[in-house]
Each structure stands twice: as C-alpha cells, then as structure tokens.
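As the structure is a prediction and not an experimental result, all values here were calculated from the model.
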Amino acid sequence: MLIYIFFQPLKIKEQEFKDIPLLTMDNFIMYELQSTGLQTNMSGTNALRYTDRYIVENVNFTDNSKEFISNMQANKGVYKNSTVNLTGEVVYTREDGLTFESDTLKYNTQSAIAQTQDDYLAYKGDNSMLGASFIYDSLNNIMKSKKVIVKYQLKESKI
C-alpha cells in the first residue's frame, strides 16, 4: 500500500507526429505527363515529399501546358494543389522573353496566374517595369500592379 502512496504512476506525455515527410530526396526531378505530353517539370537539389505537397530547395519549375512555356527558379518552392509558392530570388521567365524578378511568387498551374505582393522588376528586351505588387494572367496577357515605374523604348515608324 505504501508503494502506491509514495510512488505515483508516471504520466508520460504522448506526442503525435502529424506532419512527417514520406520521402526525402537529393537531386530531385519530377515529371508530370498528360495524354498531350509533358505538362510540368520540377527539379531541385533537395526535396521533401509529404502526403499533400512537395518542398524543394533550389527549385526549377517549368510549366509546358500553356501557349508559352513558363519557367520559374527560386531558392525554395512548395508545390501543393496545382499551386507553386516560391521564395527567395525568384525569376519567372516566359518563352516570349518576358521576365519577372521578385522575392516571392505564387503560380497557379491551372489558371497560369502568377502573383506577388512584394516589389518586383519585369522586363522584356529594353522595356522594364518596377512595381510594388503584381498579378499576371499569362493566358490573357493581362497584368495588374501598384506603384508602377515604366521604362519603355518607342520604336520609330517607317512612313
């Protein structure tokens, strides 16, 4: 009886691990194929595969499913539910030469909409644009931005 009085049972705290990577990979490459061909390609130096997402270091993501091929590179990327969230030295390049540089970028692979709330630099050839945030609809070639400064080179007409 004295044992139960002086020695209380230990209360062991159980810890539940809900978010454990299923797979860890070095020199990661992922291809998404559709009946029409290669849809997307994502590569990186290191990757973690969870049940609902990929987290990739030094990510290089290419979307080949639209009219123009889009390529995005960044220090880190999270691919979840057809959305790629990129952070750190993001460079978005489209096949026609349009390029964006920012610290963050969110890209929806289904709607081909790229957006950031950070400052950015966009350029194509000698034309450039600085701004505070943007939403770019690649399918309709529409861009919305705030605090825009544009440098545009006018072409001479041959009349």
Before you tell me yes or no, could you show the steps for Tyr152 and Ser128 under side-chain contact (heavy atoms from CB on, under 4.5 Å), namely the whole-Å CA-CA distance, both residues' side-chain angles and the distance that decides it to 0.1 Å?
CA-CA 7 Å; Tyr152 186 77; Ser128 64; over 6 Å; no
N/O donor-acceptor pairs under 3.5 Å from side chains in residues 130-139, not counting sequence neighbours:
residue	atom	partner	partner atom	Å
Tyr136	OH	Arg94	NH1	2.4
Tyr136	OH	Asn141	OD1	2.9
Asp137	OD1	Leu139	N	3.2
Asp137	OD1	Asn140	N	3.3
Asp137	OD2	Asn140	ND2	2.7
Ser138	OG	Arg94	NH1	3.3

Residues Asp126, Lys151: salt bridge by 4.0 Å N-O rule:
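No salt bridge links Asp126 with Lys151.
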Taking all non-hydrogen atoms of both residues into account, name the closest pair between [X] and [Y] and its distance.
| X | Y | value |
| --- | --- | --- |
| Leu86 | Gly77 | CD2-CA, 3.8 Å |
| Leu23 | Met25 | CD2-SD, 3.7 Å |
| Val56 | Phe28 | CG2-CE2, 3.9 Å |
| Leu105 | Val90 | CB-CG1, 3.6 Å |

Same cluster or not: are [X] and [Y] linked, directly or through other Ile, Leu, Val, Met, Phe, Trp or Tyr residues, by side-chain heavy atoms under 4.5 angstrom apart?
| X | Y | result |
| --- | --- | --- |
| Tyr123 | Met143 | no |
| Val78 | Tyr50 | yes |
| Ile113 | Tyr79 | no |
| Phe100 | Val148 | yes |

Rounded to the nearest 0.5 Å, what's the gap from OH on Tyr54 to CZ on Arg49? Could you check?
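Going from OH on Tyr54 over to CZ on Arg49, the span is 4.0 Å.
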Spacing of OG1 belonging to Thr24 relative to CG belonging to Leu48, to within rounding of 0.5 Å
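So the OG1 of Thr24 and the CG of Leu48 are separated by 5.0 Å.
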Should we say atom CD of Glu95 is surrounded by more than 12 heavy atoms from elsewhere, each under 6.0 Å from it?
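Correct, the count exceeds 12.
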Counting only heavy atoms not in Glu32, do more than 12 sit closer than 6.0 Å to its CD atom?
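Count over threshold, so yes.
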Would you check if there is a donor-acceptor pair between the side chains of Asp63 and Ser70 at a distance under 3.5 Å?
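No, no side-chain donor-acceptor pair sits under 3.5 Å.
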Classify the side-chain pair Tyr92/Asn71 by whether it contains a donor and acceptor separated by less than 3.5 Å.
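Asn71 and Tyr92 do not have a side-chain donor-acceptor pair below 3.5 Å.
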Verify side-chain contact (heavy atoms from CB on, under 4.5 Å) between Met129 and Tyr120, making sure each step is shown before the conclusion.
CA-CA 8 Å; Met129 180 169 52; Tyr120 70 92; 3.9 Å; yes
Qualifying residue, where the test is side chain to side chain contact (heavy atoms under 4.5 Å, CB included) with Ser102 and the options are Thr87, Val91, Thr116
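Of Thr87, Val91, Thr116, side chain to side chain contact (heavy atoms under 4.5 Å, CB included) with Ser102 is met by Thr116 alone.
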Hey, mind stepping through Thr51 and Leu22 against side-chain contact (heavy atoms from CB on, under 4.5 Å) and telling me if it holds?
CA-CA 7 Å; Thr51 56; Leu22 301 174; 3.6 Å; yes
Take Asn41 and Thr62 through the side-chain hydrogen bond (donor to acceptor under 3.5 Å, both in side chains) test and state the conclusion after the steps.
CA-CA 5 Å; Asn41 174 8; Thr62 302; 5.1 Å; no
Can you pull the salt bridge (charged side-chain N to carboxylate O under 4.0 Å, His left out) pairs that have at least one residue in residues 100-112, sequence neighbours excluded?
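Not a single pair qualifies under salt bridge (charged side-chain N to carboxylate O under 4.0 Å, His left out).
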Gln110 vs Thr83 side-chain heavy atoms within contact, under 4.5 Å
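The answer is no; the side chains never approach within 4.5 Å.
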Set of residues satisfying side chain to side chain donor-acceptor pair (under 3.5 Å) with respect to Lys80, sequence neighbours excluded:
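Here the qualifying residues are Asp52.
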